[in-house]
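As a basis for the values below, the full set of heavy atoms in this structure was taken, side chains included, without hydrogen atoms, waters or symmetry mates. Residue numbers run from 1 in the order of the sequence given. Because the structure is a prediction, the values reported are computed rather than measured. As the structure lists them, so they are numbered: ligands from 1, and atoms in each ligand from 1.
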Amino acid sequence: MSKAILIEMLKEKQLKITPQRIAIMEELEKNGHLTVDDIFNGIKLRVPSVSLATVYKNILALQNANILKSVKTPTHKQKYEINTSPHVHLFCKICENLEDFEININNFKEYCKKESGYHCIDEASILLTGICKRCSNTRK
Ligand SMILES: [Zn+2]
Ligand SMILES: [Zn+2]
């Protein structure tokens, strides 16, 4: 995503375009899943005037606008990511790395809707835990 697209996303949600918001989005775009502290540490070099409180406030605004999504990890560290196409998260219990796994979960959602009798199912957050390839290789 280019900077222009990030600006478009803010415009579309009628959010004010500020250097802090752009920096937060760029940081997440570049690095994937980050905690508030990660984001703060990442952008304070580029936006030296930024405070942790400002970062919090902006993340909340971006999350409310559905531009960011929060991801809860089993270590209870709240992470954030740019809201992309639906995907499943894989979490390694050893290195605690969180990664995306692209899979179409529409059939799964349909199935759950049918079986549960829910009128609609819109959001899904699926996190699978296990041991990643890298960690299982080093164990051998
Ligand atoms: Zn691992
Ligand atoms: Zn993700």
Side-chain angles (χ1 to χ4, degrees):
M1 267 183 260
S2 67
K3 197 169 188 164
I5 293 176
L6 298 178
I7 290 172
E8 251 342 283
M9 287 168 82
L10 289 172
K11 269 194 197 155
E12 199 188 307
K13 304 285 180 175
Q14 280 150 0
L15 287 182
K16 223 166 86 189
I17 297 148
T18 64
Q20 289 92 331
R21 284 178 181 165
I22 300 287
I24 290 170
M25 290 164 83
E26 281 179 336
E27 199 60 24
L28 283 166
E29 153 98 306
K30 204 166 54 182
N31 302 302
H33 315 91
L34 299 173
T35 63
V36 175
D37 286 334
D38 295 335
I39 297 170
F40 177 62
N41 290 326
I43 69 172
K44 73 178 173 200
L45 297 170
R46 284 191 291 156
V47 193
S49 61
V50 81
S51 69
L52 187 58
T54 312
V55 172
Y56 262 111
K57 238 174 32 204
N58 281 303
I59 285 173
L60 205 65
L62 292 169
Q63 194 187 352
N64 287 338
N66 232 354
I67 292 174
L68 298 190
K69 259 180 119 166
S70 68
V71 187
K72 244 206 181 82
T73 70
T75 52
H76 306 295
K77 257 188 233 151
Q78 184 94 349
K79 295 197 172 193
Y80 294 88
E81 69 180 346
I82 297 257
N83 195 358
T84 52
S85 53
H87 55 264
V88 167
H89 285 117
L90 293 171
F91 182 81
C92 174
K93 288 187 283 189
I94 296 177
C95 64
E96 300 190 351
N97 185 44
L98 181 72
E99 59 180 287
D100 288 344
F101 182 62
E102 298 292 338
I103 184 174
N104 188 328
I105 54 171
N106 287 336
N107 289 342
F108 177 66
K109 277 160 75 177
E110 264 316 303
Y111 172 80
C112 293
K113 189 180 142 191
K114 218 171 92 196
E115 293 297 312
S116 68
Y118 256 55
H119 171 66
C120 78
I121 287 180
D122 40 30
E123 284 244 21
S125 65
I126 302 170
L127 187 133
L128 306 171
T129 62
I131 297 168
C132 76
K133 213 179 187 170
R134 229 181 2 207
C135 289
S136 71
N137 282 341
T138 53
R139 275 185 145 194
K140 276 176 199 154

Look at K69 together with E123 and state whether they make a salt bridge at an N to O cut-off of under 4.0 Å.
-> yes

side-chain contact (heavy atoms from CB on, under 4.5 Å) assessment of R21 paired with I67 = CA-CA 11 Å; R21 284 178 181 165; I67 292 174; over 6 Å; no

Do we see a donor-acceptor contact under 3.5 Å between the side chains of D100 and H33?
-> yes

Under 2.8 Å from the Zn ion (ligand 2) - protein N/O/S, by chain and number = H33 NE2, E81 OE1, H87 NE2, H89 NE2, D100 OD1

Decide side-chain contact (heavy atoms from CB on, under 4.5 Å) for V55 and D37; before the verdict, give the C-alpha distance in whole Å, the side-chain angles of both, and the deciding distance to 0.1 Å.
-> CA-CA 9 Å; V55 172; D37 286 334; over 6 Å; no

Are any non-hydrogen side-chain atoms of I39 and I59 less than 4.5 angstrom apart?
-> yes

Total protein N/O/S atoms sitting under 2.8 Å from the Zn ion (ligand 1), waters ignored, is 4

Take I82 and L68 through the side-chain contact (heavy atoms from CB on, under 4.5 Å) test and state the conclusion after the steps.
-> CA-CA 5 Å; I82 297 257; L68 298 190; 4.3 Å; yes

Can you tell me if NZ on K109 sees more than 12 non-hydrogen neighbours from other groups inside 6.0 Å?
-> yes

Student check: side-chain heavy atoms of K72 and Q78 closer than 4.5 Å = yes

May I have the step-by-step check of side-chain contact (heavy atoms from CB on, under 4.5 Å) for Y80 and I24, ending in yes or no?
-> CA-CA 10 Å; Y80 294 88; I24 290 170; over 6 Å; no

